[in-house]
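Down below is the structure, laid out as structure tokens.
Both ligands and their constituent atoms are indexed starting at 1 by order of listing.
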Amino acid sequence: MSADLVIVANRLPVDRVEQPDGTPGWRTSPGGLVTAIEPVMRANDGTWIGWPGGTDAGLEPFEADGMKLVPMSMTQAEIEGHYEGFSNGTLWPLYHDLVAKPEFHREWWDAYVGVNRRFAEKAAELASEGATVWVHDYQMQLVPQMLRELRPDLRIGFYLHIPFPPAELFQQLPWRRQLLEGLLGADMIGFQLPGGAQNFVRLVRQRVGHKTHRDLVYLPDGRTVRAAPFPISIDAAGFESMARSEPVARRAEEIRTALGNPRKVFLGIDRLDYTKGIYARLRAFSELIADGHLDVEDAVFVQVAVPSREQVEQYRILRDEIDRLVGRINGDLGRIGRPAISYLHSSYPREEMAALYRAADVMVVTPYRDGMNLVAKEYVACRFEDTGALVLSEFAGAADELRQAWLVNPYDINGMKSALLEAYRADDKETRRRMKAMRKTVTQHDVAAWADAFMNDLAEVPGSHGKAVRPAKRS
Ligand code: G6P
């Protein structure tokens, strides 16, 4: 097997599931990454390398939905050290502005290096001469350099789906230099926002001592690396047509009926993650009821929390906290058949999400820090009648584009209360004006445009800069 395009990501685009007859099968993962990359994969007959979840060893490459997939198994020790440990116990909180305290453990780092090496070796084995390899996200930051050493003929792109932190925070990492050098193995590094790209270039200049100019880094070996923003998006047309469909319309009606046909439905949909600000948002909503600004006969908050990283301690603590908070709010403020919060700890297929988006009058997205937040864009894509209000954190990448949302600081509970109330009370003319503008943005900048921009720019990074530059600093 030899491929002109290889995608390297921690996860495969399909999850391993048990079928009704008990045999194992595969289901397309719902995430945005899959819809984003699928068209590029098909156009280039690409191959995708990733972990299928679990510890199954010896899984053979296979095809799903016409995509060639190569499963990489992980041992229990690798899951604990690489995935739960360094990726989600160290990098995730550090890159999200220390919303939780990152832990630094040398054995986690060793596991991270080991898994990155295995993925790099697999990509080196599968890529054809001069092929393009596109590496994704924080779990794989060493792959570009490892791969370049094995295969200098390749064109390598890297895209970071989460924020890239300011130098002051990144500096805490005992392995900061290795991560920067790992990324510099790529020809181009994509970030969600300009700020992330700037943070990276500044760190490379200060910490590694390479010469930089605007978004370019000049390496002593003659290579140029470009660091630039490519804000990710969604399949807007796909979401819209799903939202318009008859079954989704019917399901949205059913949902509203099941909720007792309140005047307005508030909605939150998040992975159950401490970066998402779920606790603060539910508190803000409940205080509006306790203060008498909202009544449970008129308003209900549907919160979907998708189970995530359940073996990681911080996530278990969060789950207990949210369980307790929801119990207390409903106990204190609910009436028979009228809970203030309808809480669902589960994941749902895309059609059900579209029905929820259709059923919701006020979408509430309040992360403390988020690379982009595709839920905000999905909601907008589904509101084809230009109705509905979006309350959005300033600290989500999406806030850069969705300026017409009710923007909030999630640390400011009173500010959030006012925004929720304003969005609830806003008249049709106002919501329509805002939604129309946001829909224009989301429809024009869809995921196909994102992938095209990345691939075209990656192809254009000059191979050699021809400048005389100093060797890198030693640290
Ligand atoms: C974020 C990350 C992805 C990750 C996803 C789900 O969106 O950017 O890389 O795959 O969360 O998290 P999980 O740990 O289940 O892969």
Side-chain angles (χ1 to χ4, degrees), residues 7-17 27-37 48-55 69 71-72 74 78-97 99-100 108 111-112 115-116 119 134-143 158-165 183 189-193 196 230-234 269-276 278 304-316 318-319 345-348 350 353 365 367-378 396-398 447 450:
I7 303 290
V8 180
N10 190 53
R11 278 192 189 275
L12 278 183
V14 290
D15 297 325
R16 199 140 169 78
V17 289
R27 182 185 55 204
T28 307
S29 334
L33 183 72
V34 182
T35 28
I37 311 294
W48 187 313
I49 300 174
W51 174 50
T55 52
L69 307 181
M72 299 289 286
M74 287 208 213
E78 285 174 334
I79 293 176
E80 285 167 19
H82 164 80
Y83 173 68
E84 292 160 5
F86 199 74
S87 296
N88 290 313
T90 307
L91 294 174
W92 181 267
L94 183 73
Y95 282 28
H96 285 89
D97 278 2
V99 173
W108 288 1
Y112 185 82
V115 169
N116 273 250
F119 276 62
W134 191 356
V135 183
H136 290 268
D137 229 356
Y138 62 103
Q139 307 94 337
M140 295 287 142
Q141 291 173 96
L142 302 177
V143 169
F158 181 93
Y159 187 77
L160 185 70
H161 292 254
I162 69 174
F164 190 82
L183 290 169
I189 307 165
F191 298 85
Q192 297 280 16
L193 301 182
F230 295 87
I232 203 169
S233 192
I234 55 161
I269 301 184
D270 312 81
R271 269 186 319 98
L272 186 44
D273 194 296
Y274 50 78
T275 57
K276 302 289 185 183
I278 301 171
V304 175
V306 178
S308 185
R309 305 176 191 163
E310 293 184 297
Q311 302 312 315
V312 180
E313 162 111 23
Q314 304 268 19
Y315 289 77
R316 294 188 188 203
L318 176 73
R319 181 171 181 194
H345 180 248
S346 182
S347 71
Y348 295 97
R350 239 181 270 180
M353 306 271 267
V365 182
Y368 294 120
R369 179 59 72 195
D370 211 330
M372 175 54 64
N373 198 291
L374 296 181
V375 161
K377 291 190 172 180
E378 287 169 8
V447 72
W450 168 80

Atom 7 (O) of ligand 1 within contact range, any protein heavy atom under 4.0 Å: no
Leu160 vs Asp137 side-chain heavy atoms within contact, under 4.5 Å: yes
Any donor-acceptor N or O pair under 3.5 Å, side chains Asp273, His96: no
No-hydrogen, no-angle side-chain donor-acceptor test under 3.5 Å, Arg309 and Gln314: no
Within-shell test, Asp137 vs ligand 1, heavy atom, strictly < 4.0 Å: yes
Centroid-centroid under 6.0 Å between Tyr95 and Tyr138 rings: no
Nearest heavy atoms of Gly89 and Pro93, plus distance in Å: O-CG, 3.5 Å
Short N or O distance, Arg11 and ligand 1, threshold 3.5 Å exclusive: yes
Check: Trp92 N/O within less than 3.5 Å of ligand 1 N/O: no
Met372, Arg309, His136, His161: member with heavy atom nearest to atom 1 (C) of ligand 1: Arg309
Counterpart residues, salt bridge (Lys or Arg N to Asp or Glu O under 4.0 Å), relative to Arg11 (two or more places apart): none
Protein heavy atom at shortest distance from atom 14 (O) of ligand 1: Tyr83 OH, 2.5 Å
Residue Ile162 vicinity, atoms of ligand 1 by number, heavy atom under 4.0 Å: 8 (O)
